[in-house]
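Below, chain A is the first sequence line, B the second, and so on; all start at residue 1.
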Amino acid sequence: MQIDTPRGMDDLLPREFALKRKIEEVIREVFALYGYLEIETPTLEYYELFAIKSGEEIRQRMFEFEDKAGRKLVLRPEVTASIARLVSTKLKAWPQPIRLGYIADCYRYDEPQWGRRRRFWQGGFELFGSKSPLADAEILQVSHEVFNKIGLKDHFFKVGHVGVLRKLLEEFKVDERDQDKILTMLDRKEIDDAINVMRGLGVGEEAVKAIQELITLEEYDHERIFKRASDTLSRWKEAEKCLENLREIIEAAREGGVDSPIIVSPGFARGLEYYDGFIFEQGIPGIHISFNGGGRYDKLVELFGGKPTPAVGCAIGITRIMQYMLDKSIGVPDPPRPKILIAGVSKVSPRYISKVSRNLRDLGVAVEVEVSGKKLPTAIEFAVKNGMRYVVIVGEREEEGQKIVIRNLETRTQMEVDLVDVDKIMEVLGGT
RNA sequence: GCCGCGGUGAGGUAGCGGUUAGCCUUCCGGCCUGUGGAGCCGGAUGCCUGGGUUCGAAUCCCAGCCGCGGCCCCA
C-alpha cells in the first residue's frame, strides 16, 4: 500500500499551515489595499491553455493526463494563463482596468529540492488594461508591500525589459518564435548557441555585439547603467524606448515607496515566453532562487481570443517564503487554539459537560472538551502542556448546583460560578 | 533531465558482520477517589523494499523506492 504523499507534495502540519495562513492574510490585505479582486480558477485545465505560450520549460514539466473522454488535461503549472483566459472571455465586457488576485496551488513535475516542490502555492496580482509605467510600478509596489508586511524587509528586486532584446531582434526580422528561442537560450546562459542562432537568422554583427554587452550589464547604479545601455542601443530607437520605459517604471516605483535595492539588468530574460515588456524577480540575499517573479504580457489576452489588452502581473512563491521562514524560524505563528479546557470529574454526566461547553461557546469563548477519559491531574497537565490558561472543572457537585469551577492555571486559583452568571464568567475568564 | 549524499520506533539519533538493537524527546499506564509543568516505575511503536554474499546482515554487494542537497530552470 502506498501511504506516503506523492513525491514533492507536502502535508502541512498545524504550525506550517498557520504560517501559510499568515502569508495569505498579508497577501489578501494587500489585495484589498490596492483593489485587487480575488478569484479562483480550476486546478485542472486543458493542456492547450498552457502549451500555447507558457514556455518550453513549463511545457515539459506539467503533470498531464487524459480524462475518461480522452481529453488532455493538466494540473496548472501557474495561474496567469487561466486569468488571461478569464479576461478574454467572461470578463471581456468589464470596464478596464481590471485588477485580479489569486492564491492557488500549482503543480510542476520537477525534481524536488529546497524551495522547489511539485505542489506549491502562489499568490498573484494581475493588472489588465493599462500600458502605463504606473501599472508596472504598481506591481513592484504590491510586491514590496507584501514582503515588508511578512517581515522580509531585506528583499531586493532584479528588473529588466524583454523589449530591449526583442526590439533589437525585430530590426533584423527575427520572428517571435525565434525570439522566444533565443531569449530562452540567453536565460539559460547558453550564450554561444544563442549567438550562432542569431547569426544564422541574419542578425548583424553590431547587434550581436550589443546583445553580448547588454547581458553583462547588471548593477544597482541606475544612472550609470542606463547611460551605458542607451549608448549601446543608440542605433536602435525601438530598443532604446524600452530602456526608457524601464527607467520610468523604476522611478515611479521609487516614488511609490519601493525603497529596497533594485538591480537593473537590461539583458535579463525570463523563461515564461509570454513576457514581452518589463520583467522582474524578487529575492532575498544569500538565497539563489527567486521568491516572486512577474512582468508584462500584452499579447496573452489577445492570444486567447480576447481584445488586445495590455497586462502586467506577478506571482509570489508562498511555499518558498514558507520554507525560508521555517528554516530561519522567523515569524512562524502558533496555530490558534482554545485557551480553555473543560474537564469532567467523578460522576458528572456527559449531558452537563455538553451543556457547559455550549453555554461557553455561545458567549464566544473557544473551548476544548476533555473527551479521552483523563483523570483531573492528567487533564490539567494536558492543558498546561498545550499552553492553555484555564481549566473549567465540572463534577457531580457542580452539576447539582448548575455551577462550574474555573481554574486559572497561571495564578493557580479557582472560583466557583453559576452557569447562568454570564457576566461573572466573562469577568473570571478575563476576556479570552 | 543530469550529478552527489543518505534512509534505524512518531521526532531526533548511537551501533557499521554475532548486541536482548542503546539513548533523548514524544505517547500510554501507574504511584495520584476532584487539582499542576516535576519525580520515580512500567509499557508501546524501529533497522525503506527486494535480491545476493555469509554459519550469521541494521552492518558488506546489487537493484529499486523514497528523502536531502547541487546543476539547469523556475515561484
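Among the heavy atoms of the strands lying under 4.0 Å from A/Asn408 is at least one base atom, whether or not backbone atoms are also near. A/Arg117 comes within 4.0 angstrom of a base, heavy atoms only. Among the heavy atoms of the strands lying under 4.0 Å from A/Glu398 is at least one base atom, whether or not backbone atoms are also near. In this structure, A/Gly283 reaches neither bases nor backbone, as no heavy-atom distance under 4.0 Å exists between it and the strands shown. Using a 4.0 Å heavy-atom distance criterion, A/Phe291 is classed as a sugar-phosphate-only contact. Nucleic acid contact class of A/Gly115 (heavy atoms, under 4.0 Å, all strands): base. Nucleic acid contact for A/Ile393: base, since at least one base atom lies under 4.0 Å from a heavy atom of the residue.
Straight-line distance from the OH atom of A/Tyr109 to the C1' atom of B/G1: 11 Å, rounded to whole Å. For A/Phe382 and B/C28, the CZ to P distance is 8 Å, given to the nearest whole Å. At whole-Å resolution of the value, CD in A/Glu111 and P in B/C65 are 11 Å apart. As rounded to whole Å, 12 Å separates atom P of B/A75 from atom CD1 of A/Ile316. Rounded to an integer number of Å, the gap from CD of A/Gln414 to P of B/G34 is 14 Å. A/Ile353 has its CD1 atom 13 Å from the C1' atom of B/G34, to the nearest Å. Here the C1' atom of nucleotide B/C74 and the CZ atom of A/Arg118 are 14 Å apart, to the nearest Å. As a whole-Å value, the separation of A/Glu370 CD from B/G34 C1' is 14 Å.
Looking at A/Glu370, its side chain does come within 3.5 Å of a backbone N or O of A/Gly373 through a donor-acceptor pair. A/Arg320 places a side-chain N or O within 3.5 Å of a backbone atom of A/Ser290 that can act as its donor or acceptor partner. Under a 3.5 Å cut-off, the side chain of A/Arg361 and the backbone N or O of A/Val367 do form a donor-acceptor pair. A donor-acceptor contact shorter than 3.5 Å links the side chain of A/Arg76 to the backbone of A/Thr41.
A salt bridge links A/Glu111 with A/Arg7; the closest basic N to acidic carboxylate O contact falls under 4.0 Å. A salt bridge between A/Lys131 and A/Asp298 is absent, with no side-chain N of the basic residue lying under 4.0 Å from a carboxylate O of the acidic one. Remark: A/Glu170 does not engage A/Arg166 in a salt bridge, criterion side-chain N to carboxylate O under 4.0 Å.
The side chain to side chain donor-acceptor pair (under 3.5 Å) contacts involving residues 375-387 of chain A comprise A/Arg337-A/Asn386, where partners must be two or more places apart or lie in separate chains. A side chain to side chain donor-acceptor pair (under 3.5 Å) check over residues 133-143 of chain A, counting only residues at least two apart or in different chains, returns the pairs A/Tyr36-A/Glu138, A/Arg99-A/Glu138, A/Asp136-A/Arg296, A/Ser143-A/Asn292.
Nucleotides B/G17 and B/C3 are separated by 32 Å at their C1' atoms, to the nearest Å.
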Dot-bracket pairing map - RNA chain B, Watson-Crick plus G-U, both contacts under 3.5 Å, | cross-strand: (((((((..((((....[...))))((((((.......))))))...(((((..]....))))))))))))....
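Of the candidates B/A75, B/U35, B/G70, B/A75 carries the atom nearest the A/Ser290 side chain, counting heavy atoms from C-beta on. Side chain of A/Ile380, nearest nucleotide from B/C28, B/C2, B/U35: B/U35. Candidate nucleotides B/U35, B/C74, B/G34 were compared by shortest atom distance to the side chain of A/Ile289, and B/C74 ranks first. The nucleotide whose nearest atom lies closest to any side-chain atom of A/Gln122 is, among B/G69, B/A75, B/G36, B/A75. Here the side chain of A/Leu376 is nearest to one of B/U35, B/A75, B/G67, namely B/U35. Out of B/G30, B/C72, B/C68, the shortest distance to the side chain of A/Lys375 is found at B/G30. Here the side chain of A/Arg108 is nearest to one of B/A75, B/C32, B/C28, namely B/A75.
Applying the side chain to side chain contact (heavy atoms under 4.5 Å, CB included) criterion to A/Glu251, with sequence neighbours excluded, gives A/Arg247.
Between the side-chain ring of A/Phe120 and the base of B/A75, a stacking contact exists by the 5.5 Å and 30° definition.
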Any N/O pairs under 3.5 Å between the protein and nucleotides 37-41 of chain B? List them or say none.
from: B/G37; atom 1: N7; to: A/Arg412; atom 2: NH2; distance (Å): 3.4
from: B/G37; atom 1: N2; to: A/Val384; atom 2: O; distance (Å): 3.0

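The base of B/C74 sits within donor-acceptor range of the side chain of A/Arg320, with an N or O pair under 3.5 Å. Taking 3.5 Å as the limit, the base of B/A75 and the side chain of A/Arg116 contain no donor-acceptor pair of atoms between them. No hydrogens or angles were tested; on distance alone, nothing pairs the side chain of A/Arg7 with the base of B/G67 as donor and acceptor under 3.5 Å.
For the pair A/Lys374 and A/Thr319, both in contact range of RNA chain B, the more 5′-proximal nearest nucleotide belongs to A/Lys374. Where A/Trp121 and A/Gly373 meet RNA chain B, the nucleotide closest to each residue was compared, and A/Gly373 sits on the side nearer the 5' end.
The environment of CG in A/Leu134 is sparse: at most 12 heavy-atom neighbours from other residues, nucleotides or ligands sit within 6.0 Å. Counting non-hydrogen atoms of other residues, nucleotides and ligands closer than 6.0 Å to CZ of A/Arg254 gives a total above 12.
The side chain of A/Arg397 contributes no N or O atom lying less than 4.0 Å from OP1 or OP2 of B/U35.
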Salt bridge (charged side-chain N to carboxylate O under 4.0 Å, His left out) between A/Arg28 and A/Glu24, worked out: CA-CA 6 Å; A/Arg28 293 201 166 100; A/Glu24 287 175 355; 3.7 Å; yes
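A/Glu126 and A/Thr80 share a side-chain donor-acceptor pair at under 3.5 Å.
Taking a 4.0 Å limit (strictly below) on heavy-atom distances, residues 25-46 of chain A does not reach RNA chain B anywhere.
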